2 protein chains.
Amino acid sequence: MTARGAQAIRLGFSSRSGAQMRTLNAALALFAEHGVGATSYQMIADASGVTKGAIYHQFKTKDEIIIAVAEMELAKLDDALEAAEAEDDSDVARELLLNRIVDHAVEHRQGANTFQFDPVLVRLLSGHAPFQRFVERLYGMLVGDDEGPDKLVRLAALTCVVGGTVAHPLVAEVDDETLRTQMLNVVRQLVGLPQPTTRAGRAARSRTPRTASA
Amino acid sequence: MTARGAQAIRLGFSSRSGAQMRTLNAALALFAEHGVGATSYQMIADASGVTKGAIYHQFKTKDEIIIAVAEMELAKLDDALEAAEAEDDSDVARELLLNRIVDHAVEHRQGANTFQFDPVLVRLLSGHAPFQRFVERLYGMLVGDDEGPDKLVRLAALTCVVGGTVAHPLVAEVDDETLRTQMLNVVRQLVGLPQPTTRAGRAARSRTPRTASA
DNA sequence: GTCTATATGAAGATAGAC
DNA sequence: GTCTATCTTCATATAGAC
(Lines give C-alpha, C1' and ligand atoms only; values in the text may rest on other atoms or scores of the structure.)
Protein backbone atom coordinates (compact mmCIF):
# COMPACT_ATOMS: atom_id res chain seq x y z
CA MET A 1 0.00 0.00 0.00
CA THR A 2 1.16 3.50 -0.82
CA ALA A 3 1.75 6.32 1.60
CA ARG A 4 -1.13 8.34 3.04
CA GLY A 5 -0.54 11.18 0.62
CA ALA A 6 -2.00 9.13 -2.22
CA GLN A 7 -5.51 10.07 -1.13
CA ALA A 8 -4.96 13.61 -2.32
CA ILE A 9 -4.35 12.56 -5.90
CA ARG A 10 -7.15 10.00 -6.07
CA LEU A 11 -9.80 12.40 -4.83
CA GLY A 12 -8.52 15.53 -6.53
CA PHE A 13 -8.00 16.97 -3.07
CA SER A 14 -6.02 20.21 -3.07
CA SER A 15 -3.83 21.19 -0.17
CA ARG A 16 -5.20 24.09 1.86
CA SER A 17 -3.66 26.91 3.84
CA GLY A 18 -4.37 27.36 7.53
CA ALA A 19 -6.82 30.14 6.80
CA GLN A 20 -8.58 28.01 4.23
CA MET A 21 -8.89 25.13 6.69
CA ARG A 22 -10.46 27.46 9.25
CA THR A 23 -12.94 28.59 6.62
CA LEU A 24 -13.80 25.03 5.57
CA ASN A 25 -14.34 23.83 9.12
CA ALA A 26 -16.55 26.80 9.90
CA ALA A 27 -18.50 26.15 6.71
CA LEU A 28 -18.88 22.46 7.51
CA ALA A 29 -20.37 23.23 10.91
CA LEU A 30 -22.79 25.77 9.46
CA PHE A 31 -23.82 23.50 6.60
CA ALA A 32 -24.59 20.80 9.14
CA GLU A 33 -26.61 23.14 11.34
CA HIS A 34 -28.57 25.13 8.76
CA GLY A 35 -28.17 23.27 5.50
CA VAL A 36 -26.07 24.49 2.58
CA GLY A 37 -28.85 26.54 1.00
CA ALA A 38 -29.50 28.46 4.21
CA THR A 39 -25.83 29.18 4.92
CA SER A 40 -24.52 32.50 3.60
CA TYR A 41 -21.05 33.70 2.86
CA GLN A 42 -21.52 36.24 5.62
CA MET A 43 -22.32 33.51 8.17
CA ILE A 44 -19.18 31.62 7.21
CA ALA A 45 -17.08 34.77 7.54
CA ASP A 46 -18.56 35.54 10.96
CA ALA A 47 -17.96 32.00 12.18
CA SER A 48 -14.37 32.15 10.93
CA GLY A 49 -13.83 35.44 12.73
CA VAL A 50 -12.82 37.29 9.57
CA THR A 51 -14.64 39.37 6.95
CA LYS A 52 -16.24 38.30 3.71
CA GLY A 53 -13.41 39.92 1.80
CA ALA A 54 -10.89 37.62 3.42
CA ILE A 55 -12.94 34.54 2.53
CA TYR A 56 -13.31 35.66 -1.08
CA HIS A 57 -9.56 35.82 -1.25
CA GLN A 58 -9.45 32.11 -0.30
CA PHE A 59 -12.35 30.82 -2.39
CA LYS A 60 -13.70 32.66 -5.43
CA THR A 61 -17.30 31.46 -5.09
CA LYS A 62 -19.61 29.79 -2.62
CA ASP A 63 -19.71 26.68 -4.81
CA GLU A 64 -15.94 26.40 -4.46
CA ILE A 65 -16.34 26.33 -0.70
CA ILE A 66 -19.04 23.67 -0.89
CA ILE A 67 -16.94 21.43 -3.13
CA ALA A 68 -13.87 21.93 -0.95
CA VAL A 69 -15.80 21.02 2.19
CA ALA A 70 -17.08 17.86 0.53
CA GLU A 71 -13.60 16.90 -0.66
CA MET A 72 -12.16 17.48 2.78
CA GLU A 73 -14.67 15.12 4.35
CA LEU A 74 -14.47 12.52 1.62
CA ALA A 75 -10.70 12.41 1.85
CA LYS A 76 -11.09 11.12 5.40
CA LEU A 77 -12.70 7.96 4.03
CA ASP A 78 -10.26 7.43 1.19
CA ASP A 79 -7.79 5.64 3.43
CA ALA A 80 -10.47 3.23 4.56
CA LEU A 81 -11.55 2.56 0.99
CA GLU A 82 -8.02 1.81 -0.14
CA ALA A 83 -7.48 -0.54 2.78
CA ALA A 84 -10.70 -2.37 1.96
CA GLU A 85 -9.80 -2.66 -1.72
CA ALA A 86 -6.50 -4.26 -0.75
CA GLU A 87 -8.25 -7.07 1.15
CA ASP A 88 -8.66 -10.50 -0.45
CA ASP A 89 -11.63 -11.70 1.59
CA SER A 90 -14.65 -9.62 0.61
CA ASP A 91 -16.39 -10.13 3.97
CA VAL A 92 -13.31 -8.90 5.80
CA ALA A 93 -13.09 -5.94 3.43
CA ARG A 94 -16.71 -4.98 3.95
CA GLU A 95 -16.52 -5.37 7.71
CA LEU A 96 -13.45 -3.15 7.75
CA LEU A 97 -15.02 -0.52 5.52
CA LEU A 98 -18.27 -0.44 7.47
CA ASN A 99 -16.37 -0.02 10.73
CA ARG A 100 -14.50 2.98 9.40
CA ILE A 101 -17.55 4.56 7.81
CA VAL A 102 -19.64 4.17 10.96
CA ASP A 103 -16.77 5.53 13.06
CA HIS A 104 -16.60 8.57 10.84
CA ALA A 105 -20.35 9.13 10.84
CA VAL A 106 -20.66 8.82 14.64
CA GLU A 107 -17.76 11.21 15.06
CA HIS A 108 -19.47 13.84 12.93
CA ARG A 109 -23.18 13.15 13.50
CA GLN A 110 -24.85 16.22 12.02
CA GLY A 111 -22.21 16.55 9.33
CA ALA A 112 -22.79 13.06 7.97
CA ASN A 113 -26.45 13.90 7.53
CA THR A 114 -25.75 17.01 5.46
CA PHE A 115 -23.41 15.18 3.22
CA GLN A 116 -25.96 12.49 2.40
CA PHE A 117 -29.14 14.50 2.09
CA ASP A 118 -28.61 18.21 1.50
CA PRO A 119 -30.19 18.93 -1.90
CA VAL A 120 -27.80 21.75 -2.75
CA LEU A 121 -24.72 19.72 -1.83
CA VAL A 122 -25.98 16.59 -3.58
CA ARG A 123 -26.76 18.49 -6.77
CA LEU A 124 -23.35 20.15 -6.86
CA LEU A 125 -21.51 16.90 -6.24
CA SER A 126 -23.50 15.04 -8.88
CA GLY A 127 -21.67 17.17 -11.44
CA HIS A 128 -18.27 16.64 -9.85
CA ALA A 129 -16.36 13.78 -11.48
CA PRO A 130 -13.87 12.97 -8.68
CA PHE A 131 -16.75 12.62 -6.26
CA GLN A 132 -18.65 10.32 -8.61
CA ARG A 133 -15.64 8.06 -9.02
CA PHE A 134 -15.18 7.87 -5.28
CA VAL A 135 -18.80 6.94 -4.64
CA GLU A 136 -18.66 4.25 -7.31
CA ARG A 137 -15.62 2.67 -5.68
CA LEU A 138 -17.41 2.80 -2.35
CA TYR A 139 -20.58 1.19 -3.67
CA GLY A 140 -18.56 -1.39 -5.56
CA MET A 141 -16.89 -2.52 -2.35
CA LEU A 142 -20.20 -2.80 -0.55
CA VAL A 143 -22.31 -4.72 -3.06
CA GLY A 144 -19.89 -6.32 -5.50
CA ASP A 145 -21.12 -7.44 -8.92
CA ASP A 146 -24.69 -8.55 -8.11
CA GLU A 147 -26.82 -5.46 -8.73
CA GLY A 148 -30.34 -6.83 -8.41
CA PRO A 149 -33.09 -4.52 -7.10
CA ASP A 150 -32.89 -6.09 -3.64
CA LYS A 151 -29.17 -5.36 -3.43
CA LEU A 152 -29.66 -1.82 -4.67
CA VAL A 153 -32.39 -1.12 -2.14
CA ARG A 154 -30.30 -2.55 0.67
CA LEU A 155 -27.28 -0.50 -0.35
CA ALA A 156 -29.38 2.65 -0.56
CA ALA A 157 -30.86 1.85 2.84
CA LEU A 158 -27.37 1.32 4.22
CA THR A 159 -26.17 4.75 3.17
CA CYS A 160 -29.32 6.33 4.59
CA VAL A 161 -28.88 4.58 7.91
CA VAL A 162 -25.23 5.58 8.18
CA GLY A 163 -25.76 9.19 7.17
CA GLY A 164 -29.10 9.72 8.83
CA THR A 165 -29.25 7.76 12.06
CA VAL A 166 -26.29 9.52 13.67
CA ALA A 167 -28.05 12.87 13.36
CA HIS A 168 -31.49 11.63 14.41
CA PRO A 169 -33.08 13.35 17.45
CA LEU A 170 -34.00 9.92 18.83
CA VAL A 171 -30.36 8.99 19.36
CA ALA A 172 -29.13 12.40 20.49
CA GLU A 173 -28.73 11.10 24.04
CA VAL A 174 -27.09 7.82 23.03
CA ASP A 175 -23.34 7.92 23.68
CA ASP A 176 -20.93 7.46 20.77
CA GLU A 177 -19.70 4.00 21.69
CA THR A 178 -23.19 2.56 22.10
CA LEU A 179 -24.37 4.21 18.92
CA ARG A 180 -21.38 2.83 17.05
CA THR A 181 -22.01 -0.71 18.25
CA GLN A 182 -25.74 -0.68 17.59
CA MET A 183 -25.37 0.92 14.17
CA LEU A 184 -22.82 -1.69 13.17
CA ASN A 185 -25.30 -4.40 14.14
CA VAL A 186 -27.93 -2.76 11.96
CA VAL A 187 -25.74 -2.22 8.91
CA ARG A 188 -24.25 -5.71 9.10
CA GLN A 189 -27.74 -7.11 9.08
CA LEU A 190 -28.62 -4.89 6.14
CA VAL A 191 -25.83 -6.13 3.91
CA GLY A 192 -25.87 -9.71 5.17
CA LEU A 193 -22.58 -9.66 7.04
CA PRO A 194 -22.07 -12.05 9.98
CA GLN A 195 -22.08 -10.47 13.47
CA PRO A 196 -18.75 -9.62 15.15
CA THR A 197 -18.01 -12.87 17.01
CA THR A 198 -16.92 -14.46 13.74
CA ARG A 199 -13.34 -14.76 12.54
CA ALA A 200 -13.85 -12.32 9.65
CA GLY A 201 -15.24 -9.68 11.96
CA ARG A 202 -12.41 -9.88 14.44
CA ALA A 203 -9.84 -9.87 11.65
CA ALA A 204 -11.28 -6.74 10.08
CA ARG A 205 -11.67 -4.87 13.32
CA SER A 206 -8.12 -5.66 14.35
CA ARG A 207 -7.04 -3.71 11.25
CA THR A 208 -8.86 -0.51 12.09
CA PRO A 209 -6.89 2.40 13.58
CA ARG A 210 -9.03 2.07 16.71
CA THR A 211 -6.99 -0.95 17.86
CA ALA A 212 -4.00 -0.99 15.53
CA SER A 213 -2.59 1.11 12.68
CA ALA A 214 -3.50 0.32 9.09
CA MET B 1 -63.43 4.46 14.79
CA THR B 2 -64.43 8.03 13.96
CA ALA B 3 -65.03 9.46 10.52
CA ARG B 4 -62.14 10.48 8.29
CA GLY B 5 -62.59 14.14 9.12
CA ALA B 6 -61.13 13.57 12.58
CA GLN B 7 -57.61 13.79 11.21
CA ALA B 8 -58.00 17.52 10.73
CA ILE B 9 -58.60 18.18 14.41
CA ARG B 10 -55.94 15.85 15.69
CA LEU B 11 -53.21 17.37 13.58
CA GLY B 12 -54.37 20.96 13.77
CA PHE B 13 -54.85 20.84 10.03
CA SER B 14 -56.69 23.85 8.64
CA SER B 15 -58.88 23.65 5.57
CA ARG B 16 -57.39 25.38 2.57
CA SER B 17 -58.78 27.18 -0.44
CA GLY B 18 -58.06 26.04 -3.97
CA ALA B 19 -55.48 28.76 -4.42
CA GLN B 20 -53.82 27.79 -1.16
CA MET B 21 -53.64 24.15 -2.21
CA ARG B 22 -51.99 25.14 -5.49
CA THR B 23 -49.45 27.14 -3.53
CA LEU B 24 -48.75 24.30 -1.10
CA ASN B 25 -48.30 21.72 -3.82
CA ALA B 26 -45.97 24.00 -5.73
CA ALA B 27 -44.01 24.64 -2.54
CA LEU B 28 -43.79 20.93 -1.73
CA ALA B 29 -42.32 20.16 -5.13
CA LEU B 30 -39.78 22.99 -4.83
CA PHE B 31 -38.82 22.05 -1.27
CA ALA B 32 -38.19 18.50 -2.46
CA GLU B 33 -36.10 19.63 -5.40
CA HIS B 34 -34.03 22.44 -3.87
CA GLY B 35 -34.48 22.13 -0.14
CA VAL B 36 -36.50 24.55 1.98
CA GLY B 37 -33.62 26.94 2.60
CA ALA B 38 -32.91 27.32 -1.11
CA THR B 39 -36.54 27.84 -2.09
CA SER B 40 -37.69 31.45 -2.25
CA TYR B 41 -41.10 33.02 -2.08
CA GLN B 42 -40.54 34.16 -5.65
CA MET B 43 -39.88 30.60 -6.84
CA ILE B 44 -43.08 29.41 -5.24
CA ALA B 45 -45.04 32.23 -6.85
CA ASP B 46 -43.54 31.48 -10.28
CA ALA B 47 -44.30 27.76 -9.94
CA SER B 48 -47.87 28.57 -8.91
CA GLY B 49 -48.27 30.85 -11.91
CA VAL B 50 -49.14 33.89 -9.81
CA THR B 51 -47.20 36.78 -8.24
CA LYS B 52 -45.65 37.07 -4.80
CA GLY B 53 -48.40 39.47 -3.79
CA ALA B 54 -51.05 36.81 -4.39
CA ILE B 55 -49.15 34.29 -2.28
CA TYR B 56 -48.72 36.77 0.57
CA HIS B 57 -52.47 37.14 0.59
CA GLN B 58 -52.75 33.39 1.27
CA PHE B 59 -49.89 32.97 3.74
CA LYS B 60 -48.45 35.83 5.75
CA THR B 61 -44.91 34.42 6.01
CA LYS B 62 -42.69 31.80 4.46
CA ASP B 63 -42.71 29.87 7.74
CA GLU B 64 -46.49 29.62 7.50
CA ILE B 65 -46.13 27.99 4.10
CA ILE B 66 -43.55 25.54 5.41
CA ILE B 67 -45.72 24.52 8.36
CA ALA B 68 -48.78 24.21 6.13
CA VAL B 69 -46.91 21.98 3.68
CA ALA B 70 -45.77 19.75 6.53
CA GLU B 71 -49.26 19.51 7.97
CA MET B 72 -50.70 18.66 4.59
CA GLU B 73 -48.30 15.76 4.18
CA LEU B 74 -48.58 14.54 7.75
CA ALA B 75 -52.36 14.50 7.57
CA LYS B 76 -52.05 11.82 4.90
CA LEU B 77 -50.54 9.48 7.48
CA ASP B 78 -52.96 10.30 10.26
CA ASP B 79 -55.54 7.82 8.99
CA ALA B 80 -52.97 5.05 9.03
CA LEU B 81 -51.88 5.93 12.53
CA GLU B 82 -55.43 5.87 13.86
CA ALA B 83 -56.08 2.51 12.24
CA ALA B 84 -52.91 1.09 13.77
CA GLU B 85 -53.79 2.43 17.21
CA ALA B 86 -57.15 0.68 17.02
CA GLU B 87 -55.52 -2.72 16.51
CA ASP B 88 -55.20 -5.16 19.43
CA ASP B 89 -52.30 -7.22 18.13
CA SER B 90 -49.20 -5.02 18.13
CA ASP B 91 -47.52 -6.99 15.33
CA VAL B 92 -50.57 -6.54 13.14
CA ALA B 93 -50.67 -2.84 14.00
CA ARG B 94 -47.02 -2.33 13.15
CA GLU B 95 -47.27 -4.29 9.90
CA LEU B 96 -50.25 -2.18 8.90
CA LEU B 97 -48.56 1.08 9.80
CA LEU B 98 -45.33 0.21 8.02
CA ASN B 99 -47.25 -0.72 4.89
CA ARG B 100 -48.98 2.61 4.80
CA ILE B 101 -45.87 4.61 5.58
CA VAL B 102 -43.83 2.85 2.92
CA ASP B 103 -46.66 3.29 0.41
CA HIS B 104 -46.69 6.99 1.13
CA ALA B 105 -42.92 7.34 0.92
CA VAL B 106 -42.65 5.45 -2.38
CA GLU B 107 -45.46 7.55 -3.80
CA HIS B 108 -43.63 10.76 -2.99
CA ARG B 109 -39.96 9.76 -3.17
CA GLN B 110 -38.13 13.10 -3.13
CA GLY B 111 -40.74 14.66 -0.84
CA ALA B 112 -40.29 12.05 1.85
CA ASN B 113 -36.60 12.85 1.92
CA THR B 114 -37.14 16.56 2.49
CA PHE B 115 -39.54 15.93 5.29
CA GLN B 116 -37.09 13.75 7.19
CA PHE B 117 -33.84 15.58 6.64
CA ASP B 118 -34.21 19.20 5.61
CA PRO B 119 -32.56 21.24 8.41
CA VAL B 120 -34.84 24.24 7.99
CA LEU B 121 -37.99 22.13 7.98
CA VAL B 122 -36.86 19.99 10.88
CA ARG B 123 -35.98 23.01 12.98
CA LEU B 124 -39.30 24.69 12.34
CA LEU B 125 -41.29 21.54 13.13
CA SER B 126 -39.36 20.91 16.31
CA GLY B 127 -41.08 24.01 17.73
CA HIS B 128 -44.51 23.00 16.47
CA ALA B 129 -46.56 21.16 19.13
CA PRO B 130 -49.08 19.33 16.89
CA PHE B 131 -46.24 17.88 14.89
CA GLN B 132 -44.41 16.74 18.01
CA ARG B 133 -47.52 14.97 19.30
CA PHE B 134 -48.00 13.25 15.99
CA VAL B 135 -44.42 12.01 15.84
CA GLU B 136 -44.62 10.70 19.39
CA ARG B 137 -47.73 8.70 18.58
CA LEU B 138 -45.97 7.34 15.52
CA TYR B 139 -42.85 6.34 17.43
CA GLY B 140 -44.95 4.88 20.23
CA MET B 141 -46.68 2.54 17.79
CA LEU B 142 -43.39 1.41 16.30
CA VAL B 143 -41.34 0.69 19.41
CA GLY B 144 -43.80 0.37 22.27
CA ASP B 145 -42.59 0.73 25.85
CA ASP B 146 -39.09 -0.73 25.63
CA GLU B 147 -36.85 2.24 24.89
CA GLY B 148 -33.37 0.76 25.22
CA PRO B 149 -30.55 2.19 23.08
CA ASP B 150 -30.84 -0.69 20.62
CA LYS B 151 -34.55 0.00 20.08
CA LEU B 152 -33.89 3.73 19.70
CA VAL B 153 -31.17 3.16 17.14
CA ARG B 154 -33.33 0.76 15.18
CA LEU B 155 -36.25 3.15 15.21
CA ALA B 156 -34.04 6.03 14.08
CA ALA B 157 -32.62 3.78 11.35
CA LEU B 158 -36.14 2.84 10.30
CA THR B 159 -37.19 6.44 9.77
CA CYS B 160 -34.00 7.15 7.84
CA VAL B 161 -34.54 4.16 5.57
CA VAL B 162 -38.15 5.08 4.87
CA GLY B 163 -37.46 8.77 4.25
CA GLY B 164 -34.12 8.41 2.55
CA THR B 165 -34.08 5.26 0.46
CA VAL B 166 -36.99 6.29 -1.77
CA ALA B 167 -35.09 9.38 -2.90
CA HIS B 168 -31.72 7.68 -3.29
CA PRO B 169 -30.08 7.88 -6.74
CA LEU B 170 -29.31 4.16 -6.52
CA VAL B 171 -32.99 3.23 -6.65
CA ALA B 172 -34.09 5.89 -9.13
CA GLU B 173 -34.58 3.20 -11.80
CA VAL B 174 -36.34 0.72 -9.50
CA ASP B 175 -40.08 0.67 -10.16
CA ASP B 176 -42.47 1.60 -7.35
CA GLU B 177 -43.86 -1.89 -6.72
CA THR B 178 -40.43 -3.50 -6.45
CA LEU B 179 -39.15 -0.69 -4.27
CA ARG B 180 -42.18 -1.02 -2.00
CA THR B 181 -41.70 -4.76 -1.60
CA GLN B 182 -37.96 -4.59 -0.96
CA MET B 183 -38.23 -1.68 1.44
CA LEU B 184 -40.86 -3.52 3.44
CA ASN B 185 -38.50 -6.48 3.74
CA VAL B 186 -35.79 -4.18 5.03
CA VAL B 187 -37.93 -2.29 7.54
CA ARG B 188 -39.56 -5.48 8.85
CA GLN B 189 -36.11 -6.88 9.48
CA LEU B 190 -35.12 -3.63 11.20
CA VAL B 191 -37.94 -3.70 13.73
CA GLY B 192 -38.03 -7.47 14.12
CA LEU B 193 -41.34 -8.11 12.39
CA PRO B 194 -41.95 -11.50 10.72
CA GLN B 195 -41.94 -11.57 6.91
CA PRO B 196 -45.25 -11.39 5.01
CA THR B 197 -46.13 -15.09 4.72
CA THR B 198 -47.23 -15.09 8.36
CA ARG B 199 -50.79 -14.69 9.61
CA ALA B 200 -50.11 -11.28 11.14
CA GLY B 201 -48.67 -9.94 7.90
CA ARG B 202 -51.58 -11.11 5.78
CA ALA B 203 -54.09 -9.80 8.28
CA ALA B 204 -52.52 -6.36 8.37
CA ARG B 205 -52.08 -6.03 4.66
CA SER B 206 -55.66 -7.08 4.03
CA ARG B 207 -56.67 -3.96 5.94
CA THR B 208 -54.73 -1.48 3.81
CA PRO B 209 -56.61 0.56 1.17
CA ARG B 210 -54.50 -1.22 -1.46
CA THR B 211 -56.60 -4.39 -1.13
CA ALA B 212 -59.56 -3.33 0.99
CA SER B 213 -60.92 -0.24 2.70
CA ALA B 214 -60.01 0.50 6.31
C1' DG C 1 -4.26 37.45 4.50
C1' DT C 2 -7.07 40.69 5.98
C1' DC C 3 -9.56 44.86 5.68
C1' DT C 4 -13.22 48.63 3.90
C1' DA C 5 -16.12 50.09 0.49
C1' DT C 6 -19.20 49.35 -2.95
C1' DA C 7 -22.01 47.36 -6.86
C1' DT C 8 -26.00 44.66 -8.13
C1' DG C 9 -29.47 41.83 -7.44
C1' DA C 10 -32.74 38.97 -4.87
C1' DA C 11 -34.63 37.96 -0.49
C1' DG C 12 -38.83 38.53 2.74
C1' DA C 13 -42.49 41.53 3.43
C1' DT C 14 -46.25 45.49 3.08
C1' DA C 15 -49.67 48.75 0.88
C1' DG C 16 -53.16 49.46 -1.82
C1' DA C 17 -55.52 49.35 -6.67
C1' DC C 18 -58.44 46.25 -9.48
C1' DG D 1 -57.65 36.54 -5.41
C1' DT D 2 -54.61 38.73 -8.05
C1' DC D 3 -51.95 42.54 -9.46
C1' DT D 4 -48.10 46.45 -9.32
C1' DA D 5 -45.16 49.14 -6.72
C1' DT D 6 -42.25 49.77 -3.08
C1' DC D 7 -39.44 49.08 1.26
C1' DT D 8 -35.61 47.08 3.75
C1' DT D 9 -32.44 43.74 4.42
C1' DC D 10 -29.37 40.54 2.95
C1' DA D 11 -27.22 37.80 -0.69
C1' DT D 12 -23.06 37.05 -3.89
C1' DA D 13 -19.31 39.24 -5.70
C1' DT D 14 -15.46 42.79 -6.99
C1' DA D 15 -11.83 46.42 -6.30
C1' DG D 16 -8.26 47.97 -4.14
C1' DA D 17 -5.79 49.69 0.30
C1' DC D 18 -2.95 47.91 4.23
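Source: prediction; values computed, not measured. Chain letters run A, B, ... following the sequence lines, proteins first and then strands; every chain starts at 1.
- In this structure, the side-chain hydrogen bond (donor to acceptor under 3.5 Å, both in side chains) partners of B:His128, at least two apart in sequence or on a different chain, are B:Glu71.
- The CG atom of B:Leu184 sits 5.0 Å away from atom CG of B:Asn99, with the distance rounded to the nearest 0.5 Å.
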Would you mind writing out the side-chain donor-acceptor pairs for residues 165-176 of chain A within the sub-3.5 Å range, not counting sequence neighbours?
from: A:Thr165; atom 1: OG1; to: A:Val161; atom 2: O; distance (Å): 2.7
from: A:His168; atom 1: ND1; to: A:Leu170; atom 2: N; distance (Å): 3.0
from: A:His168; atom 1: NE2; to: B:Thr159; atom 2: OG1; distance (Å): 2.9
from: A:Asp175; atom 1: OD1; to: A:Thr178; atom 2: OG1; distance (Å): 2.7
from: A:Asp175; atom 1: OD2; to: A:Glu177; atom 2: N; distance (Å): 3.3
from: A:Asp175; atom 1: OD2; to: A:Thr178; atom 2: N; distance (Å): 3.1
from: A:Asp175; atom 1: OD2; to: A:Thr178; atom 2: OG1; distance (Å): 3.2
from: A:Asp176; atom 1: OD1; to: A:Arg109; atom 2: NE; distance (Å): 3.4
from: A:Asp176; atom 1: OD1; to: A:Arg109; atom 2: NH2; distance (Å): 2.7

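- A salt bridge does not link A:Glu87 with A:Arg94: every distance from a Lys NZ or Arg NE/NH1/NH2 to an Asp or Glu carboxylate oxygen is 4.0 Å or more.
- Nearest heavy atoms, A:Leu190 versus A:Arg154: O-NH1, 3.0 Å.
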Side chains of residues 28-37 of chain A: which donor-acceptor pairs under 3.5 Å do they make with residues two or more places apart or in other chains?
none

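- Between the side chain of B:Arg137 and the main chain of B:Glu85, no donor-acceptor pair closer than 3.5 Å is present.
- Taking a heavy-atom distance under 4.0 Å as the criterion, the stretch of DNA chain C touched by chain A extends 5' to 3' from C:dG1 to C:dT4.
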For B:Leu142 and B:Leu98: C-alpha separation, side-chain torsions, deciding distance, then whether side chain to side chain contact (heavy atoms under 4.5 Å, CB included) applies.
CA-CA 9 Å; B:Leu142 290 172; B:Leu98 286 178; 3.9 Å; yes

Reading nucleotides 4-12 of chain D from the 5' end, what letters show protein touch, with B for base, S for backbone sugar-phosphate only, - for no heavy atom under 4.0 Å?
B------SB

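- A donor-acceptor pair under 3.5 Å is absent between the side-chain atoms of B:Glu64 and the main chain of B:Phe59, judged by distance alone.
- Between A:Lys76 and A:Glu73 there is a salt bridge, with a side-chain nitrogen of the basic residue lying less than 4.0 Å from a carboxylate oxygen of the acidic one.
- Using a 4.0 Å cut-off on heavy atoms, none of the residues of residues 26-38 of chain B approach DNA chain C.
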